[in-house]
Amino acid sequence: MERLSTYLLPTEREAPADAEALSHQLMVRAGLIRQLGAGFWSWMPAGWRVHQRITGIIRNEMEAIGAQEMLMPVLMPSEPWHRTGRIGIQELFKLNDRKGTELVLAMTHEEAVTTHVAQVVRSYRDLPLILWHLQTKERDEPRPRAGVLRTREFIMKDAYSFDRDEAGLEESYQKNIIAYDRIFDRCGIEWYRVESDVGMMGGSGAHEYMAPCAAGENEVALAPGYAANVEVASAEAQHVDLPSGSAAHTEVATPGLTTIEEVAASLELPQAALLKAWPAMVDEQLHLVLVRGDHRVNEIKLANALGGVVRQAHAEEFETIIGPAGFLGPVGATVPIVLDQTIATDRDYVVGGNRPDLHLRDVNPARDFKFKVADVRSVEAGDLVNGVPITIEPAIEVGNIFKLGTRYSEALGATFLDETGKQQPIIMGSYGIGPARIAAAAVEQRADENGINWPSAIAPWDVQIVSIGKSGSEELAKAEEIGAALDADGLAVLLDDRDASPGEKFADADLLGVPVRLTVGRKGLERGVVELKTRDGESVDVALEDVASSVADIRGEQL
RNA sequence: CGGGGUGUGGCGCAGCUUGGUAGCGCGCCUGCUUUGGGAGCAGGAGGUCCCGGGUUCGAAUCCCGGCGCCCCGACCA
């Protein structure tokens with residue numbers, strides 16, 4: 001049992017003026033975290049209790065799937081990072097020791113764990129393996145933000161699977177899905193497992209675990225039975241009626257009209273009747289990407305569709321080859337054209353004329369230019385999946401799982417001998433969870449105007465006892481007695497034994513968000529009762545002899 | 001990396017325009033009173049006004065340079 005009179009819980013009435021996100025404000029106000037610099041946060045004693053409970057759940061579930069916990073250093077030689085090519089990552093902290101040897105601060109531990117596996121795994125008999133640890137990660141983030149949501153140093157649970165073939169990887173992947181689903185359920189947050197981008201890692205599949213909330217940095221497209229990061233989401237576009245059957249396209253003067261909005265307004269057409277031309281460099285090769293006027297190009301989907309590195313082309317790279325910015329179009333363009341699959345190739349559209357102040361109307365893709373079709377647009381709220389409109393919500397990424405393949409094992413020589421004596425690269429997967437983000441997500445999702453409302457499993461304490469009465473009073477003695485009894489029952493108990501006013505104690509209790517509150521005061525004791533209140537419910541009087549069983553009942557409902 | 005903002009006791013802020021030796025609320029300490037939703041009275045402690053340079057008799061305030069922090073966007077293996 002902890003006593004607030006001697007516990008370091010620095011609560012504040014007002015949030016730091018520059019704190020924007022709700023979780024940032026409340027976690028600071030409740031005395032859980034304190035800032036040391038941009039992206040550097042300390043966990044105060046009560047906050048660390050939350051973190052510890054989250055990592056306890058993680059450990060429990062990782063053990064349940066047979067994963068083996070270990071510990072690898074943060075500071076490590078740079079050599080394996082050169083071998084995997086990740087030494088060039090901007091976010092990687094690099095430094096030199098006194099001899100001038102280059103070292104790095106690990107941002108994840110693929111290089112470290114794969115180096116070990118390369119040394120000690122020789123045979124197919126040594127596989128499969130799932131290794132994991134809880135360790136600090138260092139990342140030179142360009143913009144840390146929102147308290148512990150995006151920091152330059154944080155603790156991550158990272159696991160790595162090692163298998164002999166794709167079927168083994170699939171099995172390891174499924175095991176981790178089982179563990180992850182249970183971890184996020186037990187932590188009491190709302191979450192989705194969504195399809196995500198495999199990106200430059202080139203793996204064969206990836207999912208992210210997303211906790212929806214206002215402070216989220218990611219966007220998730222949702223429909224019944226469907227959840228995907230908007231980076232990769234695919235959906236049926238909202239229908240628009242478009243003309244067809246023109247004999248040929250015609251020129252239309254559009255002086256000074258360089259945006260879709262301006263051209264559509266001027267011609268009194270919906271934006272969807274225009275084609276937006278987006279000049280792209282794909283592996284430094286100029287392309288022209290066309291999406292419907294009311295849509296946006298999705299660079300990640302474009303890169304995935306074309307299999308190259310994508311960036312928007314600069315004006316000087318396309319102006320002499322295609323036409324002036326604001327009037328780009330496909331007709332007469334001599335570069336490869338990518339047509340978003342939403343565009344009806346047999347309909348007539350308005351496009352840029354590739355000359356200043358000129359657009360073309362009644363342009364029919366099938367008739368007027370050559371193209372390749374691909375799904376390269378970002379989905380919009382209201383698009384359809386299985387006939388149902390999608391919504392798009394902000395969310396925090398609290399975990400990710402990734403089929404890595406052989407990228408690291410090949411670079412670092414992690415191989416095994418199969419039954420025929422043939423050397424094969426190990427097939428890897430990686431699996432991450434940010435405990436701090438789980439805590440922040442729980443705050444974001446469940447807080448009310450009075451403060452935090454922790455899910456039972458990750459609350460800093462199970463029960464907070466508020467004693468109305470100063471030191472030496474009968475009320476405090478009784479509160480101590482009740483606290484000791486609950487403590488003996490295995491509950492984590494916080495006793496507010498401070499010589500403060502009742503109002504202040506209640507306000508601090510609401511702010512801290514412990515799920516069950518017991519109030520021990522003279523009024524109640526005269527009737528032989530204490531008040532039991534859940535953080536988000538009404539209070540009830542409980543006879544002194546029934547306190548333990550009542551608390552147990554409520555915790556049974558909460559868990 | 002672009003854009004915007006901000007830096008004054010622990011927290012929130014005023015003072016800066018028009019230079020004159022720093023103030024308010026909360027918190028903190030002591031005493032007395034008070035105890036079921038952020039108590040009252042009295043007394044008190046605590047500030048290199050982010051840093052460096054300049055102007056001036058005199059700088060929190062004006063000028064120059066730097067740094068920190070926050071927000072939006074880009075980025076986020």
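By convention in this document, chain letters (A, B, ...) are assigned in the order of the sequence lines, proteins followed by strands, and residues within each chain are numbered from 1.
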* What is the pairing partner of B:C41, taking Watson-Crick or G-U wobble pairs with both distances under 3.5 Å in any strand? -> B:G31

* Asked: Parallel, tilted or perpendicular: which fits the ring planes of A:His51 and A:Trp48, with parallel below 30° and perpendicular above 60°?
  -> parallel

* Sort out the partner of B:C1 for me: Watson-Crick or G-U wobble, both distances under 3.5 Å, none otherwise. => B:G73

* Assigned partner base of B:G20, Watson-Crick or wobble definition, under 3.5 Å -> B:C57

* How would you label the contact of A:Ala146 with the nucleic acid (heavy atoms, under 4.0 Å): base, sugar-phosphate, or nothing? -> sugar-phosphate

* To do: Identify whether any heavy atom of A:Glu475 sits under 4.0 Å from a base atom; if not, whether one sits that close to sugar-phosphate; answer base, sugar-phosphate or nothing.
  => nothing

* Asked: Applying a 3.5 Å limit to both distances, which nucleotide forms a Watson-Crick or G-U wobble pair with B:C26?
  -> B:G10

* **salt bridge (charged side-chain N to carboxylate O under 4.0 Å, His left out) against A:Arg83, all qualifying residues, sequence neighbours excluded** => A:Glu79

* Considering only side-chain heavy atoms of A:Ala38, which listed nucleotide, B:C69, B:G73, B:A77, is closest? -> B:C69

* Starting at the 5' end of RNA chain B, which residue's closest nucleotide do you reach first, A:Glu141 or A:Asp510? -> A:Asp510

* Asked: Between A:Trp41 and A:Gln90, which is nearer to the 5' end of RNA chain B once each is assigned its nearest nucleotide?
  -> A:Trp41

* To do: Would you mind reading off the distance between A:Phe154 atom CZ and B:A77 atom P, rounded to a whole angstrom?
  => 10 Å

* Asked: With the sugar-phosphate defined as primed atoms, P, OP1 and OP2, and the base as all remaining atoms, what B/S/- string results for nucleotides 6-14 of chain B, 5' to 3', for protein heavy atoms under 4.0 Å?
  -> -----SSS-

* Structure fact -> Looking only at B:C69, B:C76, B:G38, the nucleotide nearest the A:Asp508 side chain is B:G38

* Asked: Given A:Arg437 and A:Tyr209, is the side-chain hydrogen bond (donor to acceptor under 3.5 Å, both in side chains) satisfied, shown in steps?
  -> CA-CA 11 Å; A:Arg437 286 185 169 183; A:Tyr209 283 78; over 6 Å; no

* Asked: Should the pair A:Tyr173 and A:Tyr431 be assigned to parallel (<30°), tilted (30 to 60°) or perpendicular (>60°) ring geometry?
  -> tilted

* To do: Would you please classify the geometry between the A:His133 ring and the A:Tyr160 ring as parallel, tilted or perpendicular, with 30° and 60° separating the classes?
  => perpendicular

* Asked: What salt bridge (Lys or Arg N to Asp or Glu O under 4.0 Å) pairs are there with at least one residue in residues 30-51 of chain A, not counting sequence neighbours?
  -> A:Glu2-A:Arg49, A:Glu12-A:Arg34

* Looking at the side chain of A:Ile468, which of B:C70, B:A77, B:U35 is the nearest nucleotide? -> B:U35

* Using a heavy-atom cut-off of under 4.0 Å over every strand shown, decide if A:Gly469 touches base, sugar-phosphate, or nothing. => nothing

* **Sugar-phosphate, base or nothing in reach of A:Lys505, heavy atoms under 4.0 Å** => nothing

* **Aromatic contact, A:His295 with A:Trp278 (centres under 6.0 Å)** => no

* Asked: Among B:G37, B:G38, B:C69, which nucleotide sits nearest the side chain of A:Arg517?
  -> B:G37

* To do: Counting heavy atoms from C-beta on, name the nucleotide in B:C72, B:A77, B:C76 closest to the side chain of A:Thr108.
  => B:A77

* To do: Search all heavy atoms of A:Ser161 against all heavy atoms of A:Ile130 and return the closest pair with its distance.
  => CB-CG1, 4.0 Å

* To do: Mind checking A:Gly37 for me? I need base, sugar-phosphate or nothing, with any heavy atom below 4.0 Å counting as a touch.
  => sugar-phosphate

* Between B:C72 and A:Arg143, is there an OP1 or OP2 to side-chain N/O distance shorter than 4.0 Å? -> yes

* Asked: Now, which nucleotide makes the Watson-Crick or G-U wobble pair with B:G65, with each of the two distances under 3.5 Å?
  -> B:C51

* Side chain of A:Arg29, base of B:G38: donor and acceptor closer than 3.5 Å? -> yes

* Asked: Which of these nucleotides, B:A39, B:G37, B:G73, is closest to any side-chain atom of A:Ser501?
  -> B:A39

* Asked: So which nucleotide from B:G38, B:C76, B:A74 ends up closest to the side chain of A:Pro142?
  -> B:A74

* To do: Give one of base, sugar-phosphate or nothing for A:Arg145, where a contact means two heavy atoms less than 4.0 Å apart.
  => sugar-phosphate

